[in-house]
Colleague: 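Structure provided below as structure tokens; questions to follow.
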Amino acid sequence: MIRKKYSSEDDLPEIHEINVTPFIDVILVLLIIFMVVAPLTTVDIPVDLPEVNSTTDLQLQVDKPIYLAISADLSLSINNHHISLQALEPALRYLTKGDKSQRIFLQVDKTVIYDNLMEVMDYLRTIGYLQVALVGLEK
């Protein structure tokens, strides 16, 4: 039996370079993943904000604004006239002349529970009035 001795001459030469091919492959895969996922994570919420020329001029230009108020005792009133929830639809139809694209300005007492506010807003949505603006006091 003959044994061969391994010497340093038979060894492969050492390579002192870094193999960057796997690194580039990983970077390209991550780039593709981010390119696919980035548009999916973008949130696009349309908000109808009024344009304001100055900080002191915050009034909207409306010919005859319709104010629907919810007081602390949950009673409703349109333009300072008390009204029931059942009579709200005919009253709005009369005031808007059937134009459901008119904006309804909603004034709510700060003690009204959020659930009660959402009830009225949901009712406005079901009868077709989608342009609802919440009114607050300017500080």
Colleague: Report the distance from atom CE of M121 to atom CD1 of I104, rounding to the nearest 0.5 Å.
Modeller: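 Taking CE in M121 and CD1 in I104, the distance rounds to 11.5 Å.
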
Colleague: Less than 4.5 Å apart, side chain to side chain, heavy atoms only: is that true for R103 and F105?
Modeller: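 R103 reaches F105 side chain to side chain.
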
Colleague: Is the CD1 atom of I18 crowded by more than 12 outside heavy atoms at less than 6.0 Å?
Modeller: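 Atom CD1 in I18 is not crowded, with 12 or fewer foreign heavy atoms closer than 6.0 Å.
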
Colleague: Please confirm whether the backbone N or O of Y67 pairs with a side-chain atom of N79, one donor and one acceptor, at under 3.5 Å?
Modeller: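 Yes.
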
Colleague: Kindly state each residue pair satisfying side chain to side chain donor-acceptor pair (under 3.5 Å) with at least one member in residues 114-124, sequence neighbours excluded.
Modeller: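 Listed once each, the pairs are D122-R125.
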
Colleague: Check this for me: L30, atom CG, are more than 12 non-hydrogen atoms of other residues, nucleotides or ligands nearer than 6.0 Å?
Modeller: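 Counting other residues, nucleotides and ligands, CG of L30 exceeds 12 neighbours.
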
Colleague: Is there a side-chain contact between L68 and L124, using heavy atoms and a 4.5 Å cut-off?
Modeller: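 The answer is yes, as the side chains (C-beta and beyond) meet within the 4.5 Å cut-off.
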
Colleague: Looking only at heavy atoms, what is the nearest atom pair of A72 and T111, with distance?
Modeller: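 Smallest interatomic distance, heavy atoms only, reads CB-OG1, 3.4 Å.
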
Colleague: Please tell me if the side chains of L106 and V135 come closer than 4.5 Å, counting only heavy atoms from C-beta onward.
Modeller: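 No, side chains not in contact.
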
Colleague: Could you tell me the separation between the CE atom of M35 and the CG atom of L28, rounded to the nearest 0.5 Å?
Modeller: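 With rounding to 0.5 Å, CE (M35) is 10.5 Å from CG (L28).
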
Colleague: Please say yes or no: joined through hydrophobic side-chain contacts below 4.5 Å, possibly via intermediate residues, are I78 and Y94 part of one cluster?
Modeller: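 In one cluster with I78: Y94, yes.
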
Colleague: Quick check on D73: does its CG atom have over 12 non-hydrogen neighbours (other residues, nucleotides or ligands) under 6.0 Å away?
Modeller: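 Atom CG in D73 is packed in, count exceeds 12.
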
Colleague: Are L85 and I83 joined in one hydrophobic group, where the rule is that I, L, V, M, F, W and Y side chains link up if heavy atoms are under 4.5 Å apart?
Modeller: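 Yes: a chain of side-chain contacts under 4.5 Å links L85 to I83.
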
Colleague: Between the side chain of K64 and the main-chain N/O of L95, is any donor-acceptor distance below 3.5 Å?
Modeller: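 It does not hold such a pair.
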
Colleague: Is a side-chain donor or acceptor of T96 paired with a backbone partner of L92 at a separation under 3.5 angstrom?
Modeller: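 Judged by distance alone, yes, a pair lies under 3.5 Å.
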
Colleague: Out of curiosity, does I32 fall in the hydrophobic cluster containing I27 (side-chain heavy atoms, cut-off under 4.5 Å, transitive links)?
Modeller: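 No.
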
Colleague: Is there a side-chain contact between I66 and Q102 (heavy atoms, below 4.5 Å)?
Modeller: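 Result yes, sub-4.5 Å side-chain heavy-atom pair found.
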
Colleague: About how many Å separate CD of Q107 and OG of S71, when rounded to the nearest 0.5 Å?
Modeller: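 Nearest 0.5 Å value for the OG-CD distance: 11.0 Å.
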
Colleague: Do V36 and V26 sit in one hydrophobic cluster, given that two such residues count as connected whenever their side-chain heavy atoms are within less than 4.5 Å of each other, even indirectly?
Modeller: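 In one cluster with V36: V26, no.
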
Colleague: Does anything in residues 85-98 form a salt bridge (Lys or Arg N to Asp or Glu O under 4.0 Å)? List the pairs, not counting sequence neighbours.
Modeller: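 Found E89-R93.
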
Colleague: With hydrophobic residues grouped by side-chain heavy-atom distances under 4.5 Å, do I113 and L134 end up in a single group?
Modeller: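 No, it is not one cluster - the side chains of I113 and L134 are not joined through contacts under 4.5 Å.
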
